[in-house]
Number of protein chains: 4
Amino acid sequence: MILHNEFGSDNHSGVHPDIMKAIESSNKDYTIAYGGDKYTKRAIKKFKEHFGNNIEVFFVYNGTAANILGLKNVTDSYNSILCAETAHLNVHECCGPENFTGCKLTTIPTLDGKLTIDSIKPFIVGIGDEHMAQPKVVSITQPTELGTVYTSKEVKDLADFVHKHEMLLHVDGARISNAAASLKKKLIEITRDVGVDVLSFGGTKNGMMFGEAVVFFNKNLSKNFEYIRKQGMQLASKMRFISCQFEVFLSNDLWLKNAQHANNMAKLLYENIKEITDLKVTQKVDANAIFAIIPKKFISILQKKYYFHGYNSEVRWMCSFNTGEEDVLCFANIIKKTLSGK
Amino acid sequence: MILHNEFGSDNHSGVHPDIMKAIESSNKDYTIAYGGDKYTKRAIKKFKEHFGNNIEVFFVYNGTAANILGLKNVTDSYNSILCAETAHLNVHECCGPENFTGCKLTTIPTLDGKLTIDSIKPFIVGIGDEHMAQPKVVSITQPTELGTVYTSKEVKDLADFVHKHEMLLHVDGARISNAAASLKKKLIEITRDVGVDVLSFGGTKNGMMFGEAVVFFNKNLSKNFEYIRKQGMQLASKMRFISCQFEVFLSNDLWLKNAQHANNMAKLLYENIKEITDLKVTQKVDANAIFAIIPKKFISILQKKYYFHGYNSEVRWMCSFNTGEEDVLCFANIIKKTLSGK
Amino acid sequence: MILHNEFGSDNHSGVHPDIMKAIESSNKDYTIAYGGDKYTKRAIKKFKEHFGNNIEVFFVYNGTAANILGLKNVTDSYNSILCAETAHLNVHECCGPENFTGCKLTTIPTLDGKLTIDSIKPFIVGIGDEHMAQPKVVSITQPTELGTVYTSKEVKDLADFVHKHEMLLHVDGARISNAAASLKKKLIEITRDVGVDVLSFGGTKNGMMFGEAVVFFNKNLSKNFEYIRKQGMQLASKMRFISCQFEVFLSNDLWLKNAQHANNMAKLLYENIKEITDLKVTQKVDANAIFAIIPKKFISILQKKYYFHGYNSEVRWMCSFNTGEEDVLCFANIIKKTLSGK
Amino acid sequence: MILHNEFGSDNHSGVHPDIMKAIESSNKDYTIAYGGDKYTKRAIKKFKEHFGNNIEVFFVYNGTAANILGLKNVTDSYNSILCAETAHLNVHECCGPENFTGCKLTTIPTLDGKLTIDSIKPFIVGIGDEHMAQPKVVSITQPTELGTVYTSKEVKDLADFVHKHEMLLHVDGARISNAAASLKKKLIEITRDVGVDVLSFGGTKNGMMFGEAVVFFNKNLSKNFEYIRKQGMQLASKMRFISCQFEVFLSNDLWLKNAQHANNMAKLLYENIKEITDLKVTQKVDANAIFAIIPKKFISILQKKYYFHGYNSEVRWMCSFNTGEEDVLCFANIIKKTLSGK
């Protein structure tokens, strides 16, 4: 398995050099633990530069925690959380949401990973009926797990609808930077400005070593989150090493450059494979992922050249901040040759 | 607050240069995520060099997680876990153990943070009575939260007693290296060899950036832990950055040298303050912590020079792998002068 | 609202006179609490007469508890439970299953409330993938919440399939007596003999005052259930008053006569309404419920005569052990007249 | 074992004839389920006659549920609940409180089962420290598990202290009627009037068949309890059979007469044994229980005549609403003879 350059996951990439430098240079002196340090203060300030004041930001180790703990803080044990059937929350968190929140995940089938007012409406039922889970949150992933991106209007429409029903809009933004890059908008424009209440803000998949943030756009929603984070095993002792990453990540457009590059590489790959016979791209290539169907027999052959995930005859090719253009072109070529049987 | 050199916590220290170097040099190429990488394989191999084969090792982000998830895997929701009233588990994990395991923490008063057969015996009751929590685990901290160290015989006696009652012995080893250094024994000699079943093996407080390990000395106990870790929000995506730290930590006695230094500094501080009038050291200085009582009015004065934790008139002075000898002597001097009113 | 005779729920009926008599006559003398009494022993003996030896039976207060606690005992917190979208477990237990088991409910759309091998197969995925909930139990309701009854062969096929995947088959049998009456089979023939592992055995909906049973057909599955029941708040102190009901319920075919009567009344109602214009019976009338669609405007008019549940234009008419034949005919007549606008 | 008249538990007694009659006579007609019925309305009205308006009352099956669910509704997962080491909550609910609330039980040693301001004060610590459980509720049992009764002043002092710390006072009143009878006060005078916030109101131990109530004296505290009750498996379908019991229980002083009789019988027993050599009554006989120490060897001999609970050399003799005066005198005589070796 060749791993030095592959298309398996943006998790497989390493750490951006600027981030690594920040980590090294924050390693001096003694520093108060658990977030009382200057690095954390500065990182939070950066968040406020991007998202405005009157927000609350908490750092955690990973995206699963950001989702679960953020949702726990805004729900009660008898609530339901509506999400796409494909949501990370539902598929890849191993019952963590159910265990830690007690809530029911009401999962909604989609074609492209995106929820719509029409698709969630039938599940907002039983309000006030003590026998039934009470709908409280709609959680969307932006970009979705299928690589598609909600337009700002789509998010706003959902937010308005959700709020009308006294519910909240949560965004799993493990790759939110890629969405902003795709939409050519500021981070605030695709979240707070369009009505998002709670955001899991991702860093790891876009060049950080570890660390994600839970961002509450309404201070009432964040009340007592510090206890939830601690009991949720997510309060880092040497927190400066998360904070210093975020400070650099949110400075000089590093988050954006990294995301743009990943998106561009996906687009480049797409342009070079889209006309291959026997290959069908199944989702819009809005961000840094390509989903395609190819004859099943070729999958393992291709994986030996450049690793990627495949399920049955569907494949996912993922690009990251340090995917090389050369590798993209080389991989496209290999796909072409392999599928044409040459 | 002067923080560049202080006695607040071994968490306030930064990262050992060798560890930092390991992190940097593992930052190349693409690497499979979630622990399928070569760094993780090598780190686990290191653990086996220290603890023998037929163990299972899992990396998590922090010590609270190592405790809670390790205990969850070996208990049922109707069990009780016996621990000292002072246990981190009980005092500083914000109900995380109760939330995630469902178990009752049966807390036992101690003078020095150490459990004994006599002190736990009265709490092993109600076996088979469906109304009552069923005792399943005794959890000790080594060194204790009061800086004292169990002898290997003390641990073995507890283990034998516990096993006779079909219970398990868990060790919160956030500072287990300091205990080994104190006892001048190998890591295996103070854990596996004396009957410990599950160990939270600490790295962060002894020079690592983040990362702890749950070590099961019996494979039956670790069954399905990978799901518990994932749902417990502790499966690191870029896990190589934890693993590479452990590899170096467990090589060339780095773990031991760091711990020895911290212990030596505590001893040095102790020697230089033990005869101060109005200062009473309240616990044996077995590892890297000193607990003492001083007149309350002096605490805030001293904290301005070198930060440390104080509760009422009790103070805790903690040394770490990079506590400077000069600072110890200087701090001892300041204490002496301050308490004598000079 | 006329309630003395209605079609709202078999819960709305009272207690069968024989059951009431049993309660009265067990009210003498002091009796050991929590199930150590002679009434409980005799009731368990009755269960064994019906289901064979080597079973374990535990009494709880209600059906929600029988489901949740029975499932908790055979699952781990990282398992998924597959059930129909319409399952009581999913719709009417207010996140209790998620809260108490931690498991994910994987809900499967059906037309008639019945799961099939084909419908569950796509959800038995991710086995061994630590990121994903591990499928452990398929839970069916017999009769279903839509009034349909699985044939014994259908149950056996499911059980065989489920066991082949090292999973278990759970039956929510809140109305299991009605299924047996419908299928003209013994209780054991439609449960244990066809591979059911755990059964929620219902009493309340079929003439008892309160009380359901969790029946484990394999003693390994019931291990430690007494603690789960106690901590689940379902250990009745004066348990004789549940047990004495079950003893009578399972004697002299009382369970069967009650169920048969309820089924017969549903059939009678069906025969008298099935040809009404503008009325469409939507499910097979296998047991004691009729589901039908009628013009919405008539629902509230009809409800004033005989109460029943209606959702939009769909109605549910439920018969019980003491539904009167006269009332059935009268109600059928009213429906006929009302819908024809007379 | 002679059980028709014994001193094991007030749970071992049957049901008071007036209660049984109420059950029988509510068994007619169809009645809406889950508490929408007239019996429930009337029972709640009775509660308001006793406790005043602006309360919220919810019926559940048993006392363990009343405690756990009442506490769950007023706590968050990071709170601690302070209670006596001897509290039913702590000793006899098999980790149910920990499982369902997530909270830590902070247990306080007592001599007589009663908490005091002095004994709870040291445990109200760590407020605002994210690492530590946040104290939220003090739970007392009235009468205590040791048969002692708090005076109204003692309760008021606790309530005032607790409220000053923004905490709540919960009362486990499984035998609250016995406390009222003992103090010769109205139910409201020993609960609401002295600052109690949430009360588990007991029926079963005082002549009911099953059924307890959670009474919130402040409507803010009861918000959404209906969902907590349902998911807590405690919403009775044929609820009329709990409600009709409470209606009679709270009418014509039945609750009081039953409790007074039980208390009187305990007093009578006490008067007839207190001067026996080798017998030491260890707790004040305030309500319906006697705790005493006798030579261990006599316990099993006595238990053969009249059953009771004994732990080591300590015995508990419990009287109930239908303990016979003759039996008390006879038992006293047997104790006397047995201990004197005659």
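Chain identifiers are assigned alphabetically (A, B, ...) following the order of the sequence lines, protein sequences preceding nucleic acid strands; residue numbering begins at 1 within each chain. Hydrogens, waters and symmetry mates play no part in the numbers below; they use all other heavy atoms, side chains included.
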Considering only heavy atoms, give the residues of residues 36-60 of chain C separated from chain B by less than 4.5 Å, sorted numerically, with 'none' for an empty result.
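Residues in range: none.
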So if I take each residue of residues 217-231 of chain C and look for any heavy atom under 4.5 Å from a heavy atom in chain B, which residues do I end up with?
N224(C), E226(C), Y227(C), I228(C), R229(C), K230(C), Q231(C)
Roughly how far, to the nearest 0.5 Å, is OH of Y34(B) from NE2 of H131(C)?
5.0 Å
